[in-house]
Amino acid sequence: MVPDIIEMFSGVIPVDQIYVREGMDVENFLLRISAWDNRIIVVGNDTTFRDVLQILDTIDFNFQPCVSLLATSRRYDCSKLMGWKLEENINEGKVLQFVNEFMNGESIKLDRWKINIRNDNDDTEVIYMNNQIIIGSIELIDPRKRSLVTNIVSLIKDSKGDVQNFINLYIDGEKIVFDEEFSTIVIKNIPFYMGNMINIWGSINDFKYQTESFDDRLLEVVGIKNLSHGHKIRSDQESGYRIGQGSDIRIVFDFKGVELPVSVDGLYWKETESVTIHISFENSDTIVAKKGTFAASTGLARKSGWLYKRGSVNRAWRLRWCTIKNGFFSYYEGQMDKPRGVINLKESHINTVVKERTSFEIITPNRIYMIDTRETQEDVNSWVSACQLEGSIP
């Protein structure tokens, strides 16, 4: 497959701008386009993408490289985030179209997290993640690894019961007291799940937490109760159980003679030692997202979050995901959906003298949009200021 892809890209990209990293598997190689806006294409999977970002950190560039993942499968969350995929029947025309779209893609930020794994002897291993760490019954939520029958047999055979019996979890220094029983705990950065555009954190507006994002320096900690719950999440019937949200996560493994499955961005192992896993923010990488995708609309937005909007015909309040970016106020039914409406803030003005103190109006030449935060006056002021600032930028 690699020679075919290299040959196709060679017809569009100068040969001296194509590099194959030695030691990688056949489908994992790097295409460097440093002559074109310092943009780099990684062809492979989420693990490849993470490894290449780490390699790039060791190189002293005199520019800021923009990196993106062209996935060899539809299953990868990083690829879903950026919106690129490798067509099964690739040809020179498709390569040219991809390169043009890639060079015109949106540059956004993606948080990268450092994971320190320390055992009782103070031996430390460091790995990095862009997407997620999973602790518990890996077979429960990754049926790609084996057939369904083998998957269920393995789950019954290897099940260690409730994962909270074997770990202590701390979020921003606070020990979590579990009020539910979970077979698996997922710590997420990207709000996609197992290669599907499914938000495991859920889209319900919970004012206890900030709205999740991939560039907010926060991680979401989610629990999966059992096999049935995992299947319902994958089919988008239910969400995971919200355990917490924070920027510093510590998991202390307290084993009682068991092996506990762990996965970090596709790297799998069974932990057999009493270790402490410490997850902290490392940096933000510049990546390239396809225009029109969730990441392109949300990434680097001046403000985004869940708000209530009153319709022009149906006067009921409806919860909508809203973003303020590039002079426009956009609202969506869900985070992963296409916008239901886009308001040009440069042609609008904001009215804060309204009946509901948590509301404001966006007044356009054609209609009035009523927006309600259902939060504090400070939050209303924050949204109003963002709208006014974006509307004033030439």
Side-chain angles (χ1 to χ4, degrees), residues 111 113-120 124 129 131-142 155 158-191 193 198-213 216-234 237-264 269-281 305-306 374-376:
D111 291 343
W113 299 83
K114 183 178 182 179
I115 302 176
N116 279 283
I117 306 173
R118 179 173 54 83
N119 63 19
D120 291 339
T124 302
M129 93 174 184
N131 183 21
Q132 66 185 6
I133 176 170
I134 305 172
I135 301 169
S137 300
I138 301 301
E139 293 88 348
L140 171 66
I141 54 178
D142 191 14
L155 175 65
D158 296 340
S159 177
K160 307 300 181 244
D162 302 319
V163 70
Q164 64 266 28
N165 293 334
F166 308 106
I167 67 170
N168 289 309
L169 173 66
Y170 300 82
I171 301 178
D172 290 339
E174 180 181 350
K175 184 176 181 180
I176 301 302
V177 178
F178 293 95
D179 54 6
E180 295 281 349
E181 296 180 347
F182 303 110
S183 64
T184 304
I185 289 176
V186 184
I187 302 171
K188 292 287 293 180
N189 180 43
I190 295 174
Y193 180 55
I198 294 172
N199 187 351
I200 187 174
W201 179 252
S203 59
I204 296 175
N205 195 16
D206 185 345
F207 299 124
K208 180 180 178 181
Y209 302 110
Q210 294 187 40
T211 302
E212 84 283 14
S213 184
D216 58 0
R217 303 190 180 191
L218 290 173
L219 293 170
E220 286 69 46
V221 184
V222 184
I224 299 177
K225 295 179 181 179
N226 48 42
L227 180 64
S228 174
H229 188 205
H231 283 313
K232 289 178 180 178
I233 293 173
R234 282 200 305 277
Q237 299 177 50
E238 294 185 8
S239 300
Y241 183 92
R242 294 182 177 182
I243 296 174
Q245 184 184 59
S247 59
D248 187 279
I249 312 293
R250 193 179 300 270
I251 310 110
V252 180
F253 287 64
D254 183 19
F255 287 109
K256 301 175 179 65
V258 301
E259 296 177 338
L260 196 61
V262 181
S263 167
V264 177
W269 74 91
K270 286 192 175 181
E271 190 56 70
T272 59
E273 298 184 66
S274 295
V275 300
T276 297
I277 294 180
H278 180 212
I279 310 171
S280 58
F281 176 77
W306 292 99
R374 303 283 172 92
E375 294 194 43
T376 64

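Model, not experiment: these values are computed from the prediction.
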Side-chain heavy atoms of H278 within contact of R118, under 4.5 Å: no
Distance in Å, Q237 CD paired with S228 OG, rounded so as to fall on 0.5 Å steps: 8.5 Å
Non-hydrogen atoms of Q132 and I134 that approach each other most closely: NE2-CD1, 3.4 Å
F182 side chain reached by I135 side chain, heavy atoms, under 4.5 Å: no
Single hit among I167, V222, I176, I224 for side chain to side chain contact (heavy atoms under 4.5 Å, CB included) with I185: I167
Considering all heavy atoms, the nearest I171-Q245 contact: CG2-O, 3.5 Å
Side-chain heavy atoms of K188 within contact of W201, under 4.5 Å: no
Heavy-atom donor-acceptor pair, E273 side chain to D120 backbone, under 3.5 Å: no
From CZ (F253) to CG (N119), nearest 0.5 Å: 12.5 Å
Side-chain heavy-atom pair I279, I251 within 4.5 angstrom cut-off: yes
Pairwise distance CG(L260) to CH2(W269) - rounded to 0.5 angstrom: 10.5 Å
Side-chain donor or acceptor of R250 paired with backbone N/O of G173 under 3.5 Å: no
Main-chain N/O of D216 paired to D111 side chain as donor or acceptor, under 3.5 Å: yes
Ring geometry between F281 and W113 (parallel below 30°, tilted from 30 to 60°, perpendicular above 60°): perpendicular
Under the side-chain hydrogen bond (donor to acceptor under 3.5 Å, both in side chains) test, residues paired with R217 that sit two or more places apart: none
L169 side chain near I249 side chain, heavy-atom distance below 4.5 Å: yes
Side-chain (D254) to main-chain (S274) donor-acceptor, under 3.5 angstrom: no
Flag side-chain contact, heavy atom, 4.5 Å: D248 against Y170: no
From I190 atom CD1 to N131 atom CG, the distance as rounded to the nearest 0.5 Å: 4.5 Å
I117 vs I115 side-chain heavy atoms within contact, under 4.5 Å: yes
Q164 side chain vs E180 backbone, donor-acceptor pair below 3.5 Å: yes
